[in-house]
Amino acid sequence: SPVTKQALRKSYGIRRATTHVVSNGVFRLPLADRTHKTDDIIFVGRIEPIKGIFILPDILKQLPPQVHLHILGSGSAEKKLKALFEAAGLQDRVKWYGNVPQRQVMVRLQRMRALIVPSYLEPQGRVLLEAMSAGTPVVASDIPGINDYVTHGETGMLFPKGNARVAAAAIIELIQK
């Protein structure tokens, strides 16, 4: 990503002329019938603090009660995140899948109202491109790396890093459209 390119240049003194950004490719399925989309949202990635996952319960509790969160991935903070959902009384609105094959990621993305990416650091989030190719709006932290791909109001919705209230408002806006 442009962010990674800048970091390499700054940290290692690599000349601008010798570095080029090559974006990730993504596995793509034919677009599904959009009329079967749910109001549910999805998180895809490592269950790690750097991914901003601990604001997910705060986001979910601000959403209408029919909205569920689907979580694809695993990681060292999974137990703590489950405890936070349970403490908030939201455990019945969260569906855990663990690590799933790439094809299943794309199938699930196509069915969701939005992909939520609350990361604190995301040099080149491939899942952003996967969601876009699946026709699923992205609601993500406004940080370098993400904002290289997501333009607020055009290719997704951005929110200040760590701000569950603004993230939830963006998702509600997508549900109401």
> So, for A140 and L128, which heavy atoms are closest and what is the spacing to 0.1 Å?
Replying inline: CB-CD2, 4.5 Å
> Is a donor on one side and an acceptor on the other found under 3.5 Å between the side chain of E48 and the backbone of S76?
Replying inline: yes
> Under 30°, 30 to 60°, or over 60°: which ring-plane class applies to H70 and Y97, parallel, tilted or perpendicular?
Replying inline: parallel
> Quick one: do the Q110 and T136 side chains pair a donor with an acceptor below 3.5 Å?
Replying inline: no
> What heavy-atom pair brings E130 and V105 nearest, and what distance separates the two atoms?
Replying inline: OE1-CG1, 4.1 Å
> About how many Å separate CG of L72 and NZ of K95, when rounded to the nearest 0.5 Å?
Replying inline: 12.0 Å
> From E86 CD over to D92 CG, what is the distance, rounded to the nearest 0.5 angstrom?
Replying inline: 9.5 Å
>> Nearest 0.5 Å, please: how far is CG in D39 from CD1 in I172?
In response: 11.0 Å
> Does S141 reach the main-chain N or O of S119 with its side chain, forming a donor-acceptor pair under 3.5 Å?
Replying inline: yes
> Is there a path from V67 to M157 through hydrophobic residues (I, L, V, M, F, W, Y) whose side chains come within less than 4.5 Å of each other?
Replying inline: yes
>> Can you give me the closest heavy-atom contact between A167 and V139, atom names plus distance?
In response: O-CG1, 4.0 Å
> Is it true that a side-chain atom of T38 and a backbone atom of D40 form a donor plus acceptor pair closer than 3.5 Å?
Replying inline: yes
>> So if I apply the side-chain contact (heavy atoms from CB on, under 4.5 Å) rule between L60 and each of D58, L56, L63, which one comes out positive?
In response: L63
>> Ignoring hydrogens, what is the shortest heavy-atom contact between R93 and P64? Give both atom names and the distance.
In response: NH2-O, 2.9 Å
>> If hydrophobic clusters are built by linking Ile, Leu, Val, Met, Phe, Trp and Tyr wherever their side-chain heavy atoms come under 4.5 Å apart, do M112 and I71 end up in the same one?
In response: no
>> To the closest 0.5 Å, what do you measure between CG (L158) and CD1 (I143)?
In response: 9.5 Å
> Should L115 and I41 be regarded as members of a common hydrophobic cluster, given that ILVMFWY residues are connected when their side-chain heavy atoms come within less than 4.5 Å of each other, either directly or indirectly?
Replying inline: no
> Are P49 and K80 side-chain neighbours, meaning at least one heavy-atom pair lies under 4.5 Å?
Replying inline: no
> Taking only residues two or more places apart in sequence, or in another chain, which ones meet F54 in a ring pair (Phe, Tyr, Trp, His ring centres under 6.0 Å)?
Replying inline: none
> F159 and side-chain contact (heavy atoms from CB on, under 4.5 Å): which partner among I55, I171, D142?
Replying inline: I55
> Between W96 and L81, does a side-chain contact (heavy atoms from CB on, under 4.5 Å) hold up when you go through it step by step?
Replying inline: CA-CA 11 Å; W96 298 84; L81 184 58; 3.7 Å; yes
> Nearest heavy-atom pair of L90 and P57: which atoms, and what distance?
Replying inline: CD1-O, 3.4 Å
> Under the side-chain contact (heavy atoms from CB on, under 4.5 Å) criterion, do T155 and V138 qualify, and how do the steps go?
Replying inline: CA-CA 7 Å; T155 57; V138 174; over 6 Å; no
>> Return the CD to CD distance between Q102 and Q104, rounded to the nearest 0.5 Å.
In response: 10.5 Å
>> Can you confirm whether more than 12 heavy atoms, excluding those of K82, are under 6.0 Å from its NZ atom?
In response: yes
> So which heavy atom on L174 is nearest to which on P137, and how close?
Replying inline: CD1-CB, 3.8 Å
>> Can you tell me how far apart CD1 (I42) and CD1 (I116) are? Round to the nearest 0.5 Å.
In response: 12.0 Å
> Is the backbone N or O of V150 less than 3.5 Å from a side-chain atom of H152, with the two atoms forming a donor-acceptor pair by type?
Replying inline: no
